[in-house]
Asker: 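The structure that follows is given in the form of structure tokens.
Hydrogens, waters and symmetry mates play no part in the numbers below; they use all other heavy atoms, side chains included.
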Amino acid sequence: MSLSTSNPLANNPLQTRDDLANGLKAMLDPLAAFTSKGGARVDLGATATHFDTTAASLEGFSRPLWGLSSLLAGGGDYQGIDRWIRGFENGTDPTNEAEFWGMTRGKDQRMVEMAAIGFTLAVAKEKIWDKLSDSGRDNLTSWLNCINDKDMPNTNWLWFRVFANLGLRSVERPYSQSQLTADLNHLDTFYLGDGWSRDGPPGVLQLDYYSSSFAIHFAQLVYSRLAAKEDPVRCEEYRDRARKFAVQFVHYFDKEGRAIPFGRSLTYRFATTAFWGALAYADVLPPAPLNSWGVIKGLHLRTIRYFSHLPIFSSSGILTIGYTFPNMFFTENYNSPGSTYWACKAFLPLALSPDHPFWSSREEPYPTSSIPQTIYLNHPSHILTHAGGHTFLLSSGQACHYPLRHGAEKYGKLAYSSAFGYSVPTGAIGLDMWNPDSTVALSEDGGERWVVRRQVEPNDPERESGGFLEGVEGNVASESETDGSGGSGGWLRAVWRPWKGTSVETWLIPPQPDSPLWHVRIHRIKRDVVRYGGEIVLVSDAGFAIYSQDSDGRTLSLIPGSDVGALTTRYGKVEGFEPDSDETTSSGGGGGGGAFSIVRSAMGVSGVADLTPLFFPTSSNLATPSKSVTNSSNYSSLSTSAQQPQPQPQPQPQPQPQPQPQPQPQPQQQQPQQRKRVRSAQIVHLDSNANIVSSRSCMPTLIGQFGSLEEGVAGNEDIWLATGIFALPSVESAKWIPTAAADPDPALDWLEGWKKKPTGLPRLLQSKLV
């Protein structure tokens, strides 16, 4: 079956209110074949969750209601509405053993699903509630009310109880006003300021899409409309928070409609855009440059359109678990086959009348020229940038507050890109199963197991944000002018410990005006005492993972030598060392003598360059690894540097402690012969389906090693590294990549950007490093 026949959104332009309504109906129709006779259970697959099967089938019933009830509230209709009316009758009937959902317990998944049901009662009373029998209404009332005396997680879950009570109040049934008020008062304690709320109490530094579209802001905006008469002061506060938040949240999207993949629950896909639709529902227009309903409309619809042409539906027309394609590797233990329909929150604007300015206004493009290229956000500890045409964020400090599958990959990486996504581990042997793209990883067992950053130490325990953003003042600091040293603005700094006795301190510097396609990482690795008996530690510092296939669908070839310029006319990979001179070569290399690796495919260009010889020319206590650290040599078509001649061996690192080097931001001040090739380049082909955007991918990385194999040697180590990360997505990166991709786009002007490598750091950061 072709994509166009199995994808309910295929061939839908998704530009008008009717388009969106038709898209919703097309997504609801396939659910009929998976709905139980009584309508209460929608079983969409056999994969399991940490909660029971009945609750999973309830998800399949309830989550589409976010869209269906919005459609009904806006005056629309749907021919399959009887399935939900029957489901309410039977799912809440304790005598119906085949259909009954069961009464909720404490911290039960059923609580989550009550939110959509409460919303439905509040906005679609005539189409749903009024169609129920007297016993059906009584049973639904009892079923919703049982949430009020149960223990709930101290997170956004409290909003689910708010909506359950709102729904009951809307149909004039018994509810708990005291519980409603208590929950709202407690949820307000999550607020940090400047529009930001964390997903939990003090001590939780988790500000992902649950802070915006998935839960908190979405819920606040919907509440501000539904409870405007009963709770006017709080509702206006919520509206004001949304105005402040919007001018920051816009930076998490690119001009193609892609949201930056960050955090958990990304299988909800275009629910990431629900905040923009909720603004319209609550009739909240943000300040400039977003003070146009055409801009808000564009932000909302572009994200839905982006996903609409991706292979995210099964052959039966059901949303699959995954992101840009079906993928179980990156998911959470609460993702059932029905969980994905949280995406239906994006259909909220259907509740608006056709003459609302959201629908009557002409869609406007992304406001690229009206917003700063780079913005520094204190509360989430993010630096976001659109410099050079690449939308991504730098991150330090956030972590999931409970053990989460792949939590380190979802919150702890150093960078997240709207175009290139991120990768997760698929196994536990070798770099190409750990897949640590966009981060630094360490191994002390020769490269079998790797440790990456998950939790960091607060720089300032007195600050709610942890103090990870430095060099700028205020909770929101927009792009600053150059400080006169070739660098501008602030940076992120964080310290983490891969194991006892070792610390990794990292500075993340966003693109600078003279090198807009590069961002810089500075790492300081300290080991208090090197153990007796000898040990070697490997360090990988990788760039963005990128689609790894050529235009014929075969694996990209490694181009011999160091000719980066060859990639202007073909797809491929280059690994090598920059010349030991300060002259720029015709192939795009610059001076410095450091290793580099770069990849070009239909997705764009991704590369890394070792800037250590440039910034820290006296850093000599690092060596190139003696062998490949991946499993790719088992597959000749994937092997890269494992089959290439090794760089000239470096002397064994000295065991004695090293003095702290002095940063030297100006390469012309150093003699070329003093620079040491401290790391080697490698392009690692990641395990299939590891990356959430490209099912086949590779990552450019730099590999170094330190420590000693000499018996009886011990001491302290203090190692400094500097890495330049280069990336530029192509127009094709916003589309699903077919087996036979397009030939290289000559208009993609990346080579000049590659040549403009960073040569300096912000002056304030230089003074701190010295």
Asker: Closest approach of Ser316 and Pro30, non-hydrogen atoms and distance?
Answerer: O-CB, 3.3 Å

Asker: Between Asn335 (side chain) and Glu332 (backbone), is there a donor-acceptor pair under 3.5 Å?
Answerer: yes

Asker: Decide yes or no for Phe330 and Glu409: does some side-chain heavy atom of the first lie under 4.5 Å from some side-chain heavy atom of the second?
Answerer: no

Asker: Of the non-hydrogen atoms in Cys344 and Leu24, which two are nearest, and what is the gap between them?
Answerer: SG-CD1, 4.5 Å

Asker: Do Lys25 and Leu71 have side chains that get closer than 4.5 Å, going by heavy atoms?
Answerer: yes

Asker: Locate the shortest heavy-atom distance separating Leu121 from Ser170; write the atom from each residue and the value.
Answerer: O-CB, 4.1 Å

Asker: Excluding sequence neighbours, so at least two apart, what forms salt bridge (Lys or Arg N to Asp or Glu O under 4.0 Å) with Arg241?
Answerer: Asp188, Glu237

Asker: Minimum heavy-atom separation for Arg17 to Pro354, with atom names?
Answerer: NH1-CG, 3.6 Å

Asker: Provide the closest heavy-atom pair for Asp437 versus Gly543 in the form atom of the first, atom of the second, distance.
Answerer: CB-O, 3.6 Å

Asker: For Arg63, check salt bridge (Lys or Arg N to Asp or Glu O under 4.0 Å) against everything at least two apart and list the hits.
Answerer: Glu59, Glu113

Asker: If I take atom CG from residue Asp208 and atom CZ from residue Phe214, how far apart are they, to the nearest 0.5 angstrom?
Answerer: 8.0 Å

Asker: What pairs of residues pass the side chain to side chain donor-acceptor pair (under 3.5 Å) test when at least one of them lies in residues 68-86, not counting sequence neighbours?
Answerer: Asp29-Tyr78

Asker: Using modelled atom types and a 3.5 Å cut-off, is there a donor and acceptor pairing between side-chain atoms of His300 and backbone atoms of Thr273?
Answerer: yes

Asker: Do Thr340 and Thr267 have side chains that approach each other closer than 4.5 Å (heavy atoms only, starting at C-beta)?
Answerer: yes

Asker: Between atom OH of Tyr366 and atom CD1 of Ile371, what is the distance when rounded to the nearest 0.5 Å?
Answerer: 3.5 Å

Asker: Taking the six-membered ring for Trp, are the ring centroids of Phe88 and Phe61 within less than 6.0 Å of each other?
Answerer: yes

Asker: Check whether any side-chain heavy atom of Ser395 lies under 4.5 Å from a side-chain heavy atom of Lys413, and answer yes or no.
Answerer: no

Asker: Could you please spell out the steps behind the side-chain contact (heavy atoms from CB on, under 4.5 Å) verdict for Leu192 and Leu207?
Answerer: CA-CA 10 Å; Leu192 297 171; Leu207 295 91; 3.6 Å; yes

Asker: Nearest 0.5 Å please: distance from the NZ atom of Lys297 over to the CH2 atom of Trp359.
Answerer: 6.5 Å

Asker: Pair Tyr252, Phe262 - check ring pair (Phe, Tyr, Trp, His ring centres under 6.0 Å), show working.
Answerer: CA-CA 9 Å; Tyr252 286 81; Phe262 175 81; 7.7 Å; no

Asker: Run the numbers on His390 and Phe420 for side-chain contact (heavy atoms from CB on, under 4.5 Å), then give the verdict.
Answerer: CA-CA 10 Å; His390 181 203; Phe420 301 115; 3.7 Å; yes

Asker: Without hydrogens or angle criteria, can the side chains of Gln109 and Tyr334 be said to hold a donor-acceptor pair below 3.5 Å?
Answerer: no

Asker: State, with a plain yes or no, whether a side-chain heavy atom of Leu31 is found less than 4.5 Å away from one of Ile318.
Answerer: yes

Asker: Does Tyr223 form a side-chain contact (heavy atoms from CB on, under 4.5 Å) with Trp159? I'd like the steps, not just the answer.
Answerer: CA-CA 10 Å; Tyr223 179 85; Trp159 272 111; 4.0 Å; yes

Asker: For a quick check under 3.5 Å, do Thr368 and His386 share a side-chain donor-acceptor pair by atom type?
Answerer: no

Asker: What do you reckon, is NZ of Lys131 surrounded by more than 12 foreign heavy atoms closer than 6.0 Å?
Answerer: no

Asker: Can a donor-acceptor pair be found, under 3.5 Å and without considering hydrogens, that links the side chain of Ser730 to the backbone of Ala602?
Answerer: yes

Asker: Would you confirm whether Ser336, through its side chain, and Thr49, through its main-chain N or O, come within 3.5 Å as a donor-acceptor pair?
Answerer: no

Asker: Got a donor-acceptor contact below 3.5 angstrom from the Asp194 side chain to the Lys244 backbone?
Answerer: no

Asker: With a 4.5 Å limit on heavy-atom distance, are the side chains of Trp276 and Val250 in contact?
Answerer: yes

Asker: For the side-chain hydrogen bond (donor to acceptor under 3.5 Å, both in side chains) test, which of Asn689, Asn691, Asn435 pairs with Ser423?
Answerer: Asn691

Asker: Using modelled atom types and a 3.5 Å cut-off, is there a donor and acceptor pairing between side-chain atoms of Asn12 and backbone atoms of Asp19?
Answerer: yes

Asker: Apply side-chain contact (heavy atoms from CB on, under 4.5 Å) to the pair Tyr238 and Val284, showing each step before the final yes or no.
Answerer: CA-CA 10 Å; Tyr238 288 164; Val284 175; over 6 Å; no

Asker: For the backbone of Thr331 and the side chain of Arg405, can you confirm whether one donor and one acceptor N or O come within less than 3.5 Å of each other?
Answerer: yes

Asker: Is the number of heavy atoms from other residues, nucleotides or ligands under 6.0 Å of Lys255 NZ greater than 12?
Answerer: no

Asker: Compare every heavy atom of Thr272 with every heavy atom of Thr303, then report the nearest pair and how far apart it is.
Answerer: CG2-OG1, 3.8 Å

Asker: Checking Glu256 now: which residues fulfil salt bridge (Lys or Arg N to Asp or Glu O under 4.0 Å) with it, not counting sequence neighbours?
Answerer: none

Asker: How long is the straight-line distance from CG of Leu58 back to CZ of Arg110, given to the nearest 0.5 Å?
Answerer: 7.0 Å

Asker: Which pairs pass side chain to side chain donor-acceptor pair (under 3.5 Å) with one or both residues in residues 283-292, sequence neighbours excluded?
Answerer: Asp283-His356, Ser292-Glu364

Asker: Is a side-chain donor or acceptor of Arg264 paired with a backbone partner of Cys400 at a separation under 3.5 angstrom?
Answerer: no

Asker: Take the angle between the ring planes of Phe119 and Phe163 and call it parallel below 30°, perpendicular above 60°, tilted in between.
Answerer: perpendicular

Asker: Working note: Tyr210 + Ser265, criterion side chain to side chain donor-acceptor pair (under 3.5 Å); need CA distance, chi angles, decisive distance, verdict.
Answerer: CA-CA 9 Å; Tyr210 279 92; Ser265 298; 2.5 Å; yes

Asker: Can you tell me how the ring of Phe249 sits relative to the ring of Phe253, calling it parallel under 30°, perpendicular over 60° and tilted otherwise?
Answerer: perpendicular

Asker: Does the side chain of Asp355 pick up a donor-acceptor pair with the side chain of Ser353 at under 3.5 Å?
Answerer: yes

Asker: Testing Tyr209, Phe218, Phe245, Tyr281 for ring-ring contact (aromatic ring centres under 6.0 Å, His included) with Phe275, which one passes?
Answerer: Phe245

Asker: Is there a side-chain contact between Met114 and Phe160 in this structure, where contact means two heavy atoms from C-beta onward sitting under 4.5 Å apart?
Answerer: no

Asker: Tell me whether Ser339 contacts the main-chain N or O of Tyr268 through its side chain, where contact means a donor paired with an acceptor under 3.5 Å.
Answerer: no

Asker: Give, for atom CE of Met603 and atom OG of Ser697, the distance between the pair rounded to the nearest 0.5 Å.
Answerer: 9.5 Å

Asker: Would you call the rings of His309 and Tyr306 parallel, tilted or perpendicular if under 30° counts as parallel and over 60° as perpendicular?
Answerer: perpendicular

Asker: Name all residues meeting the salt bridge (Lys or Arg N to Asp or Glu O under 4.0 Å) criterion together with Arg269; count only those two or more places apart in sequence or in a different chain, and write none if there are none.
Answerer: none

Asker: Strictly distance-based, threshold 3.5 Å: is any side-chain N or O of Tyr416 a donor or acceptor partner for the main-chain N or O of Tyr411?
Answerer: yes

Asker: Kindly compute the distance separating CD1 (Ile383) from OG1 (Thr374), expressed to the nearest 0.5 Å.
Answerer: 8.5 Å

Asker: Should Leu72 and Val123 count as side-chain neighbours, where that means a heavy-atom distance under 4.5 Å?
Answerer: no

